[in-house]
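One structure is given here, and the rest of the page talks about it.
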Amino acid sequence: MDKLSEISKWDVLNVYNKVKNVVMNYTEFEIKVNEATGPEPWGASSTLMREIADGTNNRKYFEEIMPAIYLRFNDTDPSNWRQVYKALQLLEYLIKNGSERVVDEVQSHITVVKMLKNFHHIDANGKDQGINVRQ
């Protein structure tokens, strides 16, 4: 019973995500984007972001990466603000370090990014968590 008390919510979420990845038949890069933009209160590792940026140089992977990011932007549950914010951070990283196609792709989908200016979420403590997304 002592071992169970050592299991964190993040450990359980990690197992859940691994099962979900198999069930949903996600590709390698969809999994990487989901990992980089997950709900954990810490950011994605620089190694993971670099792997995703390198993946944008391959057309097949590029076509998996960008829709996975846009999917985060379209999350209708504002309590998932952290995933949206981390997707924006990842997108910024890809613009700076990924393929030039990332810039073209973002320009052609700029309305999706601009809609985030209206993102709002006030947490249970009354803190405006949407401000980071809006900025």
- Query: Hey, mind stepping through Val106 and Leu94 against side chain to side chain contact (heavy atoms under 4.5 Å, CB included) and telling me if it holds?
  - Reply: CA-CA 10 Å; Val106 172; Leu94 296 181; over 6 Å; no
- Task: Step by step, work out the side chain to side chain contact (heavy atoms under 4.5 Å, CB included) result for Ile122 and Trp81.
- Result: CA-CA 10 Å; Ile122 308 296; Trp81 66 271; over 6 Å; no
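Between Met115 and Asn74, some side-chain heavy-atom pair lies under the 4.5 Å cut-off. Contact annotation: the side chain of Leu88 approaches that of Phe73 to within less than 4.5 Å [non-hydrogen atoms, C-beta and beyond]. At least one side-chain heavy atom of Arg82 sits less than 4.5 Å from a side-chain heavy atom of Pro41. Put simply, the side chain of Leu91 reaches to within 4.5 Å of the side chain of Met66, judged on heavy atoms. Under the 4.5 Å side-chain criterion, counting only non-hydrogen atoms from C-beta, Arg134 is in contact with Asp128.
For the atom pair OH (Tyr93) and CG (Leu48), the distance works out to 10.0 Å, reported to the nearest 0.5 Å. One distance of note links CH2 of Trp42 with NZ of Lys86; it measures 7.5 Å at 0.5 Å rounding. For the atom pair CE (Met49) and CG (Asp54), the distance works out to 12.0 Å, reported to the nearest 0.5 Å. Rounding to the nearest 0.5 Å places NE2 of His109 at 14.5 Å from NZ of Lys114. Atoms OG1 and CD1, from Thr56 and Ile95 in turn, are 11.0 Å apart once rounded to the nearest 0.5 Å. Separation of atoms OG (Ser99) and CZ (Arg59) is listed at 8.5 Å; rounding is to 0.5 Å.
The hydrophobic cluster containing Val133 also contains Tyr70, counting ILVMFWY residues as joined when their side-chain heavy atoms lie under 4.5 angstrom apart, directly or transitively. Hydrophobic clustering keeps Leu71 apart from Ile65 (ILVMFWY residues linked when any side-chain heavy atoms are closer than 4.5 Å, directly or through intermediates). Cluster membership for Val103 and Val33, using ILVMFWY side-chain heavy atoms within less than 4.5 angstrom, is shared.
Checking each of Glu63, Glu64, Lys60 against Phe29 for a side chain to side chain contact (heavy atoms under 4.5 Å, CB included) leaves exactly one that passes, namely Glu64.
When the side-chain hydrogen bond (donor to acceptor under 3.5 Å, both in side chains) test is applied to Thr37, the partners found at least two apart in sequence or on another chain are Arg72. With sequence neighbours excluded, no residue satisfies ring-ring contact (aromatic ring centres under 6.0 Å, His included) with Phe62.
For the pair Asp123 (side chain) and Asn125 (backbone), a donor-acceptor distance under 3.5 Å is present. With hydrogens and angles disregarded, a donor-acceptor distance shorter than 3.5 Å links the side chain of Asn58 to the backbone of Tyr61.
When all heavy atoms of Ala36 and Ile52 are compared, the pair lying nearest together is CB-CD1, 3.9 Å.
Residue pairs satisfying the salt bridge (charged side-chain N to carboxylate O under 4.0 Å, His left out) criterion with at least one member in residues 30-39, sequence neighbours excluded, are listed as follows: Glu28-Lys32, Lys32-Glu51.
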